[in-house]
Amino acid sequence: MTDLPGSDTDRRPDLHTGLRTDEDPRASTVRVFIALAPPDEAKDELARALRPAYDAYPRMRWNRIEDWHITLAFLGELPVATVPLLQAPLAALAASHRPVELSLRGGGHFDERVLWSGIDGELDALHRLAAGVRAVVKECGIPFEDRPLRPHLTLARARRDDPTSVTEAAEGLSGFTGRRWPTERLHLVGSNYGRGPGPIRYQDIRSWHFGGH
């Protein structure tokens with residue numbers, strides 16, 4: 001992985017054994033989402049395209065490159081004890097699905113505050129996969145806000161006193177077209193970090209290869 005802003009390889013405690021309620025009363029819960037992750041080659045390609053924005057907008061809160069992901073379902077705050085219920089059915093779902101061919105393309109923003117890169121490729125298959133993921137979550141009896149899927153990869157967030165950086169950075173990505181790649185794994189991801197003003201930190205709880213890998 002190219003050494004670029006936002007890159008960090010620190011390892012954090014495993015969610016099953018490393019959450020310590022004596023240190024943080026919120027450690028009995030974890031923010032959970034289910035996602036896909038681009039391969040390193042695709043992330044490096046986008047990171048190179050972002051170099052001018054990294055230099056021009058250093059005050060933006062850039063996501064770490066290794067945390068880049070495409071969310072299929074955001075479950076929010078769950079009790080840690082609930083998380084294992086998802087693992088077997090998600091493993092079976094991944095095994096039953098072939099890899100989806102995707103690419104990163106262009107850029108945009110949400111409300112001039114959140115910078116993202118768009119997703120191209122087999123979007124119908126991506127939506128079917130997301131529907132399957134959400135069906136698993138519902139079958140496990142886990143409530144969540146089932147919002148329509150808007151495939152994207154979040155890159156950065158603007159600070160409250162910065163009204164223009166995100167829109168300008170999005171314009172700089174308008175011509176970006178990345179290579180096509182097959183999704184390799186379905187990721188069950190948790191975060192017990194970044195609940196204050198600092199950056200959010202993610203880690204895989206588990207991940208599973210798609211069928212055909």
Would a 4.5 Å heavy-atom cut-off, applied to side chains only, mark [X] and [Y] as touching?
X      : Y      : result
Ile34  : Val189 : no
Thr29  : Leu78  : no
Thr82  : Val32  : no
Val137 : Leu90  : no
Ser28  : Pro79  : no

Under the side chain to side chain contact (heavy atoms under 4.5 Å, CB included) test, residues paired with [X] that sit two or more places apart:
X      : answer
Ser174 : none
Ala94  : Leu186, Trp208, Phe210
Pro163 : none
Thr154 : Asn63, Val114, His152, Arg157

Identify whether [X] and [Y] are in the same connected component of the hydrophobic contact network (ILVMFWY, side-chain heavy atoms under 4.5 Å).
X      : Y      : answer
Val133 : Leu123 : yes
Trp116 : Ile70  : no
Tyr54  : Leu173 : yes
Leu46  : Trp181 : yes

Taking all non-hydrogen atoms of both residues into account, name the closest pair between [X] and [Y] and its distance.
X      : Y      : result
Cys140 : Leu85  : SG-O, 3.5 Å
Leu93  : Gly132 : CD2-C, 3.7 Å
Leu153 : Leu155 : CD2-CD2, 3.3 Å
Ala49  : Phe176 : CB-CD1, 3.6 Å
Arg113 : Val166 : O-CG2, 3.5 Å
Pro38  : Ala42  : CB-CB, 4.2 Å

Next on the checklist: Salt bridge or not between Lys138 and Asp146? Use side-chain N to carboxylate O under 4.0 Å.
Outcome noted: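 A salt bridge links Lys138 with Asp146.
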
Straight-line distance of [X] [atom1] to [Y] [atom2], nearest 0.5 Å:
X      : Y      : atom1 : atom2 : value
Arg159 : Met60  : CZ    : CE    : 10.0 Å
Leu36  : Leu129 : CG    : CG    : 6.0 Å
Arg134 : Glu139 : CZ    : CD    : 14.5 Å
Leu115 : Ser165 : CG    : OG    : 10.0 Å
His187 : Leu72  : NE2   : CG    : 10.0 Å
Leu188 : Gln203 : CG    : CD    : 10.5 Å

Item to check | Modelled atom types, side-chain donor and acceptor of Arg185 and Ser207, under 3.5 Å | outcome: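 Short answer, yes.
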
Checklist entry - Does CG in Asp111 sit with more than 12 non-hydrogen atoms of other residues, nucleotides or ligands closer than 6.0 Å? => result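 Open.
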
Next on the checklist: Is it the case that atom CZ in Arg150 sees more than 12 heavy atoms from other parts of the structure closer than 6.0 Å?
Outcome noted: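 Not more than 12 within 6.0 Å, no.
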
Next on the checklist: Show every salt bridge (Lys or Arg N to Asp or Glu O under 4.0 Å) that has at least one partner inside residues 160-178, sequence neighbours left out.
Outcome noted: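 Every salt bridge (Lys or Arg N to Asp or Glu O under 4.0 Å) pair that includes a residue of residues 160-178, provided the two are not neighbours, is Arg59-Asp161.
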
Item to check | side chain to side chain donor-acceptor pair (under 3.5 Å) contacts in which one or both residues fall within residues 122-131, not counting sequence neighbours | outcome: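 Of all non-adjacent pairs touching residues 122-131, those that pass side chain to side chain donor-acceptor pair (under 3.5 Å) are Arg98-Glu122.
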
Item to check | Pair listing, ring pair (Phe, Tyr, Trp, His ring centres under 6.0 Å) test, anchored in residues 69-92, at least two apart | outcome: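 Sorted pair list: Phe33-His69, His69-Tyr202.
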
Item to check | Short side-chain to backbone donor-acceptor contact, Trp62 and Tyr57, under 3.5 Å | outcome: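 Yes, Trp62 side chain to Tyr57 backbone: donor-acceptor pair under 3.5 Å.
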
Checklist entry - Among all residues two or more places apart in sequence or in another chain, which pass the salt bridge (charged side-chain N to carboxylate O under 4.0 Å, His left out) test with Arg179? => result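 Residues passing salt bridge (charged side-chain N to carboxylate O under 4.0 Å, His left out) with Arg179: Glu45.
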
Side-chain donor/acceptor pairs under 3.5 Å, residues 99-109, sequence neighbours excluded:
residue : atom : partner : partner atom : Å
Arg105  : NH1  : Asp120  : OD2          : 2.9
His109  : ND1  : Glu112  : N            : 3.1

